[in-house]
Protein chains: 2
Amino acid sequence: MANDRHALNNPAIANFQVGVDNVIFSVDLHSQKLFVLLSKRLQQPFQGVWSLPGTLVRKGESLEQAADRILKEKIKVNSLYLEQLYSFDEFACNPWGSASQLGIRYLSVSYFALVRFEEAELIAREGGMTAWFLVKEIPTLACDRDRILHYGYRRLRNKLEYSPIAFDVLPAVFTLNELYQFYGTVLGENFADYSNFRSRLLKLGFLKDTGLKSSRGAGRPAKLYRFDSEAFAPLKDKPMVFI
Amino acid sequence: MANDRHALNNPAIANFQVGVDNVIFSVDLHSQKLFVLLSKRLQQPFQGVWSLPGTLVRKGESLEQAADRILKEKIKVNSLYLEQLYSFDEFACNPWGSASQLGIRYLSVSYFALVRFEEAELIAREGGMTAWFLVKEIPTLACDRDRILHYGYRRLRNKLEYSPIAFDVLPAVFTLNELYQFYGTVLGENFADYSNFRSRLLKLGFLKDTGLKSSRGAGRPAKLYRFDSEAFAPLKDKPMVFI
DNA sequence: ACAAAAGTGTTGGTGTTACACCCATGG
DNA sequence: CCATGGGTGTAACACCAACACTTTTGT
């Protein structure tokens, strides 16, 4: 084999196992809290320590498939947004066993997800060792995963400001107040005036009045809107701010 | 070994070689052209076809170190900006020999670089098979690398609009016209009026007049400015537009 | 003096902010 | 009829695009 120098037995070229780590966010509109999904490690190293849901990539499986698999192992959810975050080479810390003792390095490709909270059902398997944590109250994570989490949090806030990922996890119809709550929960309470938020969003033209109303006790019932992806399409890639 | 199931001989876990591919941009202020660095492949597959400068990651070497190594193999440059772009899992195409025949997958982590054109000196090694190409006139690249290049080009334009990477590759002192040319070359000629560009940049307050002047033949000599990173620091992370 | 290049000013329009106000409903 | 939440309007201000204009140099 002419190219053996590039193959496994070449001492110069590193061999890797590639892991996927998910930073999964969710917004609870009811309590107006932002959560991130953590799971407790079942094996050494860092057994019993909270960490990001992750896995090693299997044969025949793409990175995104691996991210999706680990997500579906932890929660049952249909509405979600998923994108790649960053790749970290982890010299110090391979969370998946003894491979490093065999000279195999570990690379963590992180993914960022946003899921619908009301619909997300935690899967109880593995002794319920998966739970939502308030983003403001994260414990110290195994294997320096805090760094990845913060990177994901920053991405979430940025994404929210210039792309329509909120509509991937909001219900099909929603009130402008719910949308406002959503943004406020992620970006902080004083990110914008409600009235200005309304006019800006409506002027963009991709929120359609469904004619339906939603009443919650006293007060004037709110119009229900839906996200019109066709009306949004031409705005794609355009710089746009929802702030 | 208790964790053998996670080790190399586990049939379920994929083994990878990780490659780094660089999208290296440079702006020639003189000709007002945007270039990208390509190198001709010296080995099979795709021998003789233009591609992005890349390498396999070696043992003991971080991803960024690998990106930096391959960059320094091709050009000699001091002033540059480098950041990770994206990770692509390449099922179909491993450009580094026969590893895939051994069941080893290939993952490409791409990096994005911007270098100072005037200073960048192509290294003639390997029969001069490295050259600057006009971004507008890219040949078809080996192994679907065009996708990576376009992704990098998009990133370049975005970065330029909201972060000060231009100052990493401009000379220490420069005229506002040179800065304007730089932006115009990357973003397209009609990205903004010169006069408005001036006032916006100067109002931001991180360009300091050095008191020096630069004259190029006829015409009023231009003030030379420098980028004041201390004055910029408080603006970091703040949304900011240079457009 | 004139052309060339740098730098300044003006003006109309648009977007943003911080409010005050009006509308629809339940109790 | 009033408390509650939804929805609209507006005055002050900041910002921006487009363009005309002035200043400083070389020849």
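Residue numbering restarts at 1 for every chain, and letters A, B, ... go by the order of the sequence lines.
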Quick check on DNA chain D: between A:D193 and A:G219, whose nearest nucleotide comes earlier from the 5' end? A:G219
Using the closest heavy atom to pick a nucleotide of DNA chain C for each, name whichever of A:R220 or A:K203 lands nearer the 5' end. A:K203
Regarding B:R198, tell me which of base, sugar-phosphate or nothing describes its non-hydrogen contacts under 4.0 Å with the strands shown. base
With distance as the sole criterion, is a donor-acceptor pair present between the side chains of A:S87 and B:S87 under 3.5 Å? yes
Picking from D:dC19, C:dG7, D:dT8, the nucleotide nearest the side-chain atoms of B:S195 would be D:dC19
What's A:T175 touching, base or sugar-phosphate or nothing? Going by heavy atoms closer than 4.0 Å. nothing
B:Y194 atom OH is separated from D:dA17 atom P, nearest whole Å, by 16 Å
Side chain A:D89, main chain B:L63, donor-acceptor under 3.5 Å: yes
Fit a plane to each ring of A:W50 and A:F133, take the angle between them on a 0 to 90° scale, and name the class: parallel (under 30°), tilted (30 to 60°) or perpendicular (over 60°). perpendicular
Please report, rounded to the nearest Å, how far the P atom of C:dT16 is from the CG atom of A:L204. 10 Å
Fit a plane to each ring of B:F112 and B:Y81, take the angle between them on a 0 to 90° scale, and name the class: parallel (under 30°), tilted (30 to 60°) or perpendicular (over 60°). perpendicular
B:L201 CG to C:dG7 P, straight-line distance once rounded to whole Å: 13 Å
Base, sugar-phosphate, or nothing: which does B:S199 touch, judged by heavy atoms less than 4.0 Å apart? nothing
What's the CD-C1' distance between A:E178 and D:dG5, to the nearest Å? 13 Å
Taking the axis from the first five pairs and the axis from the last five, what angle separates them in the helix from C:dA1-D:dT27 to C:dG27-D:dC1, rounded to 10 degrees? 20°
Integer-rounded Å distance: C:dT16 P and A:L202 CG: 14 Å
So A:F206 and A:F167, would you call those rings parallel, tilted or perpendicular, with 30° and 60° as cut-offs? perpendicular
From the candidates D:dA18, C:dA6, D:dG7, the one with an atom nearest any side-chain atom of A:K223 is D:dG7
Mapping A:K213 and A:N196 to their closest nucleotides on DNA chain C, which lands nearer the 5' end? A:N196
What is the distance, to the nearest angstrom, from the CG atom on B:L176 to the C1' atom on C:dT8? 13 Å
d(OH, A:Y225; P, D:dG6) in whole Å: 12 Å
If you only use heavy atoms from C-beta on, which nucleotide in C:dT16, D:dG6, C:dT25 is closest to the side chain of A:P221? C:dT25
Rounding to a whole Å, what distance do you find between A:F174:CZ and D:dG6:P? 15 Å
Cationic tip of B:R200 within the cone over B:F197's six-membered ring, i.e. under 6.0 Å and within 45° of the normal? no
Stepwise, does the salt bridge (Lys or Arg N to Asp or Glu O under 4.0 Å) test hold for A:R69 with A:E73? CA-CA 6 Å; A:R69 168 167 61 80; A:E73 263 178 28; 3.7 Å; yes
